[in-house]
Amino acid sequence: MNAVKIKDIRFINSEARKLKVITINSEESFYGKIDDYIVRFEDAGLIRIHKSCVINPMHIFRYTYDLVIMNDGSELNISKPYKTKARQQLMNIWRQKNDKFINH
């Protein structure tokens, strides 16, 4: 796999033992499991919304209780086990952005 900047990653999906990395410019695939990389993903600011999907909040266009729409138009479901944590993480990001906007 080629080196990819975290800021360029839109989301990462797991499909049949392969991880598909969707970036702003391309799609890359390699063998692996999200669970093997989840600590790195979370440390990089990516949010797990499904057993097989992590997203980069920088590329969210809109989100609801159970759906995230990415800025490329991709619609990704937030599964029930991840709703509470993902929603908390997304709300924290939203608050931080609004605090910066209000305070400047």
Side-chain angles (χ1 to χ4, degrees):
M1 177 169 157
N2 299 323
V4 176
K5 294 178 183 177
I6 295 295
K7 69 178 186 157
D8 292 342
I9 295 173
R10 286 194 171 126
F11 61 94
I12 300 169
N13 246 346
S14 177
E15 298 175 0
R17 299 182 310 162
K18 275 192 167 183
L19 291 179
K20 188 189 312 183
V21 180
I22 307 333
T23 70
I24 58 175
N25 297 318
S26 66
E27 289 185 18
E28 301 278 337
S29 293
F30 63 96
Y31 286 100
K33 297 179 186 177
I34 283 185
D35 289 338
D36 294 342
Y37 294 91
I38 196 63
V39 172
R40 285 191 223 164
F41 294 154
E42 288 177 347
D43 288 347
L46 302 181
I47 298 172
R48 192 169 193 173
I49 62 166
H50 195 278
K51 180 180 177 184
S52 62
C53 187
V54 293
I55 60 169
N56 186 338
M58 291 175 32
H59 296 285
I60 294 174
F61 174 69
R62 185 175 70 200
Y63 70 92
T64 65
Y65 183 69
D66 58 354
L67 182 71
V68 174
I69 301 171
M70 304 305 286
N71 58 10
D72 67 347
S74 300
E75 294 185 5
L76 306 168
N77 291 319
I78 303 173
S79 67
K80 190 173 183 175
Y82 297 95
K83 280 183 184 171
T84 302
K85 186 174 180 181
R87 184 179 171 127
Q88 288 172 346
Q89 291 172 305
L90 291 168
M91 290 299 291
N92 287 338
I93 291 166
W94 181 79
R95 283 187 194 110
Q96 290 171 359
K97 285 183 180 180
N98 282 331
D99 286 346
K100 287 179 185 176
F101 178 73
I102 291 169
N103 293 324
H104 290 280

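What you see is a predicted model, and the numbers here were worked out from it, not measured in a lab.
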Name every donor-acceptor pair, under 3.5 Å, that has one atom in a side chain of residues 80-91 and the other anywhere in the protein, sequence neighbours excluded.
none

For residues 6-20, please give each side-chain donor-acceptor pair under 3.5 Å, one per line with the distance, not counting sequence neighbours.
residue	atom	partner	partner atom	Å
R10	NE	N71	OD1	3.1

For residues 33-44, which side-chain donor-acceptor pairs fall under 3.5 Å, sequence neighbours excluded?
residue	atom	partner	partner atom	Å
D35	OD1	R48	NH1	2.9
D35	OD1	R48	NH2	3.0

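The two residues E27 and I22 come nearest to each other via the heavy atoms CG-CD1, 3.7 Å. When every heavy atom of L76 is checked against every heavy atom of I49, the shortest pair comes out as CB-CD1, 3.7 Å. The shortest heavy-atom contact between G45 and P57 is O-CD, 3.3 Å.
Note that CD1 of I24 is 10.0 Å distant from CG of N56, once rounded to the nearest 0.5 Å. One distance of note links CD1 of I47 with CD1 of I60; it measures 5.5 Å at 0.5 Å rounding. The CG atom of N25 lies 10.5 Å from the NZ atom of K5; values are rounded to the nearest 0.5 Å.
F61 and Y65 fall into different hydrophobic clusters, where Ile, Leu, Val, Met, Phe, Trp and Tyr are joined by side-chain heavy atoms under 4.5 Å apart, directly or via other members. In the hydrophobic clustering of ILVMFWY residues, with side-chain heavy atoms under 4.5 Å counting as a link, M58 and W94 come out apart.
Among residues two or more places apart in sequence or in another chain, the salt bridge (Lys or Arg N to Asp or Glu O under 4.0 Å) test is passed with E75 by none. S74 meets the side-chain hydrogen bond (donor to acceptor under 3.5 Å, both in side chains) test with D72; sequence neighbours excluded.
Within the structure, salt bridge (charged side-chain N to carboxylate O under 4.0 Å, His left out) contacts touching residues 51-64 (residues at least two apart or in different chains) do not occur.
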